[in-house]
Amino acid sequence: MQPLIDNARTFGQRPEEFARLAEGQSPQVLFITCSDSRVVPALITGARPGQLFELRTAGNIVPPHTSQHPTSEAATIEYAVEVLGVRDIVVCGHSHCGAVGALVRGDDLTAVPAVRDWLAHATPRPAGAAEDPEVAEGVQAHVLTQLLRLRSYPCVERKLAEGRLGLHAWYYEVHTGAVRTHRPQTDTFESL
């Protein structure tokens, strides 16, 4: 914890770098990814403050859209699309994902009921080899499912129909730093 505190103490000593941020934000991308501490969107993309609007959830899950019981995730997506006017949404899964790994292996999650209930949103259960520690196949399939689910959000569906929004599926390898993107033409994940 001490290195984090030390950095926080010196972080605000460069006010000239942050003054423009008080004027507002206008990110072009909503970046949806896992809460995993090894996945750092600004590090992966090189983004500076104000360039990415982030949504982080366990397993980068996009819950089903419902107007009866809106979720924090739905509010974040709607705000990014309707108010901030993001032009692109990236759903980024990652290798060695504990959430997707638990789904692929069919782990018993009764000891963590909130996690179990949250992961129920990941249906259908991702395919993949249970013995693969990277869970690459499962994560990639899972990312594509979340991208499809995004299309059910009315604001996303409308902006897509208007040609004012792009959706992107990424896969980040925590052990190499490589990022792959889904190519719909070949239905494969390839290097950016």
Side-chain angles (χ1 to χ4, degrees), residues 20-36 39-95 97 99-100 118 121-128 136-173 177-192:
R20 68 172 179 76
L21 298 176
E23 298 167 12
Q25 61 175 327
S26 57
Q28 296 299 301
V29 177
L30 168 60
F31 200 91
I32 301 172
T33 195
C34 187
S35 321
D36 191 299
V39 181
V40 183
L43 184 64
I44 294 167
T45 63
R48 302 289 301 152
Q51 291 183 318
L52 289 179
F53 198 65
E54 295 181 25
L55 172 57
R56 299 190 64 158
T57 70
N60 53 269
I61 292 172
V62 175
H65 181 269
T66 174
S67 56
Q68 293 177 337
H69 302 289
T71 63
S72 169
E73 297 79 18
T76 300
I77 292 163
E78 184 177 79
Y79 186 81
V81 172
E82 296 289 8
V83 177
L84 296 175
V86 297
R87 302 284 306 174
D88 293 282
I89 299 176
V90 173
V91 177
C92 182
H94 67 94
S95 67
C97 181
V100 175
W118 174 251
H121 289 298
T123 58
R125 183 175 157 188
E137 180 184 354
V139 170
Q140 291 171 7
H142 174 71
V143 166
L144 294 175
T145 299
Q146 304 318 300
L147 213 59
L148 284 173
R149 187 167 291 152
L150 267 174
R151 292 175 176 276
S152 72
Y153 282 66
C155 60
V156 172
E157 182 181 42
R158 187 177 55 260
K159 296 289 182 172
L160 285 170
E162 295 169 356
R164 296 176 30 197
L165 185 66
L167 298 181
H168 312 274
W170 285 12
Y171 172 72
Y172 170 64
E173 294 179 346
V179 178
R180 301 181 184 284
T181 188
H182 182 257
R183 306 275 187 219
Q185 306 84 343
T186 60
D187 196 27
T188 57
F189 279 80
E190 301 173 8
S191 296
L192 282 174

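Any value given below was found using the heavy atoms of this structure, including those in side chains, with hydrogens, waters and symmetry copies removed. Remember, it's a predicted structure, so these values are computed and weren't measured experimentally. Residues take their numbers from the sequence shown, with the count starting at 1.
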Student: Which heavy atom of L165 sits nearest to which heavy atom of D88, and what is that distance?
Tutor: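 Looks like CD1-N, 3.9 Å.
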
Student: Drop me the distance from R180's CZ to C92's SG, to the nearest 0.5 angstrom.
Tutor: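 Between R180 CZ and C92 SG, I get 12.5 Å after rounding to 0.5 Å.
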
Student: Between CZ of R183 and OG of S191, what distance do you get to the nearest 0.5 Å?
Tutor: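 Interatomic distance, R183 CZ to S191 OG, rounded to 0.5 Å: 8.5 Å.
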
Student: Can you name the closest pair of heavy atoms from P27 and V86 and give their distance?
Tutor: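 Shortest heavy-atom contact: O-CG1, 3.6 Å.
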
Student: Ignoring hydrogens and geometry, is there a side-chain-to-backbone donor-acceptor pair from R56 to D36 under 3.5 Å?
Tutor: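 Indeed, once roles are kept as given, a pair shorter than 3.5 Å links the two residues.
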
Student: So, do L160 and R151 sit near enough that their side-chain heavy atoms are less than 4.5 Å apart?
Tutor: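 Yes, their side chains come closer than 4.5 Å.
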
Student: Verify, without hydrogens or angle tests, whether T188 (side chain) and E190 (backbone) share a donor-acceptor contact under 3.5 angstrom.
Tutor: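 Absent.
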
Student: Measure the spacing between CD1 of I44 and OH of Y172 and express it to the nearest 0.5 Å.
Tutor: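 Nearest 0.5 Å value for the CD1-OH distance: 4.5 Å.
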
Student: Taking all non-hydrogen atoms of both residues, which atom of A42 and which atom of L52 are closest, and how far apart?
Tutor: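 Reported closest heavy-atom pair: N-CD1, 4.3 Å.
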
Student: So that I know where these two stand, are F31 and W170 an aromatic pair - ring centroids less than 6.0 Å apart?
Tutor: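 Yes: the rings meet the under 6.0 Å criterion.
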
Student: If you take all heavy atoms of A80 and L30, which pair is closest and at what distance?
Tutor: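 Here A80 and L30 meet closest at CB-CD2, 4.0 Å.
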
Student: Check for a donor-acceptor pair, side chain of S35 on one end and backbone N or O of A58 on the other, with a separation under 3.5 Å.
Tutor: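 Yes, because the side chain of S35 sits within donor-acceptor range (under 3.5 Å) of the backbone of A58.
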
Student: Taking R149 for its side chain and H121 for its backbone only, find out whether a donor-acceptor pair lies under 3.5 Å.
Tutor: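 Checking the backbone N and O of H121 against the side chain of R149, a donor-acceptor pair under 3.5 Å is found.
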
Student: Which of these, V91, V139, D187, sits in a side chain to side chain contact (heavy atoms under 4.5 Å, CB included) with L144?
Tutor: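 Exactly one option meets the side chain to side chain contact (heavy atoms under 4.5 Å, CB included) with L144, and it is D187.
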
Student: Do Y153 and V81 have side chains that approach each other closer than 4.5 Å (heavy atoms only, starting at C-beta)?
Tutor: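 No, their side chains stay 4.5 Å or more apart.
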
Student: Give the ring-plane orientation class for F53 versus Y79, where under 30° counts as parallel, over 60° as perpendicular and anything between as tilted.
Tutor: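 Correct class here is tilted.
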
Student: Restricting to non-hydrogen atoms, name the atom on C34 and the atom on G59 that form the minimum distance, rounded to 0.1 Å.
Tutor: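 That closest heavy-atom pairing would be SG-N, 3.4 Å.
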
Student: As a quick check of understanding, evaluate side chain to side chain contact (heavy atoms under 4.5 Å, CB included) for I32 and Q146, giving each step before the final call.
Tutor: CA-CA 10 Å; I32 301 172; Q146 304 318 300; over 6 Å; no

Student: Does any part of the side chain of R87, heavy atoms only, come nearer than 4.5 Å to the side chain of R164, both counted from C-beta?
Tutor: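 Yes. Closest side-chain heavy atoms under 4.5 Å.
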
Student: Stepwise, does the side chain to side chain contact (heavy atoms under 4.5 Å, CB included) test hold for V29 with I89?
Tutor: CA-CA 6 Å; V29 177; I89 299 176; over 6 Å; no

Student: Closest approach of N60 and G93, non-hydrogen atoms and distance?
Tutor: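 Smallest heavy-atom distance, with atoms named: OD1-CA, 3.5 Å.
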
Student: Check whether any side-chain heavy atom of Q51 sits under 4.5 Å from a side-chain heavy atom of Q25, and report yes or no.
Tutor: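 They are not in side-chain contact.
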
Student: Looking at CD of E73 and NE2 of H65, how far apart are the two atoms once the value is rounded to the nearest 0.5 Å?
Tutor: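 Going from the CD atom of E73 to the NE2 atom of H65 covers 12.0 Å.
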
Student: Side chains of Y171 and V143: does their closest heavy-atom pair fall under 4.5 Å?
Tutor: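 Y171 vs V143: side chains apart.
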
Student: Say whether, by atom type as modelled, one donor and one acceptor occur between the side chain of H168 and the main chain of H182 under 3.5 angstrom.
Tutor: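 Between the backbone of H182 and the side chain of H168 there is no qualifying donor-acceptor contact (under 3.5 Å).
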
Student: Examine distances only and state if a side-chain atom of S152 and a backbone atom of L148 form a donor-acceptor pair shorter than 3.5 Å.
Tutor: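 No, the answer is negative, given that no donor and acceptor are paired below the 3.5 Å cut-off.
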
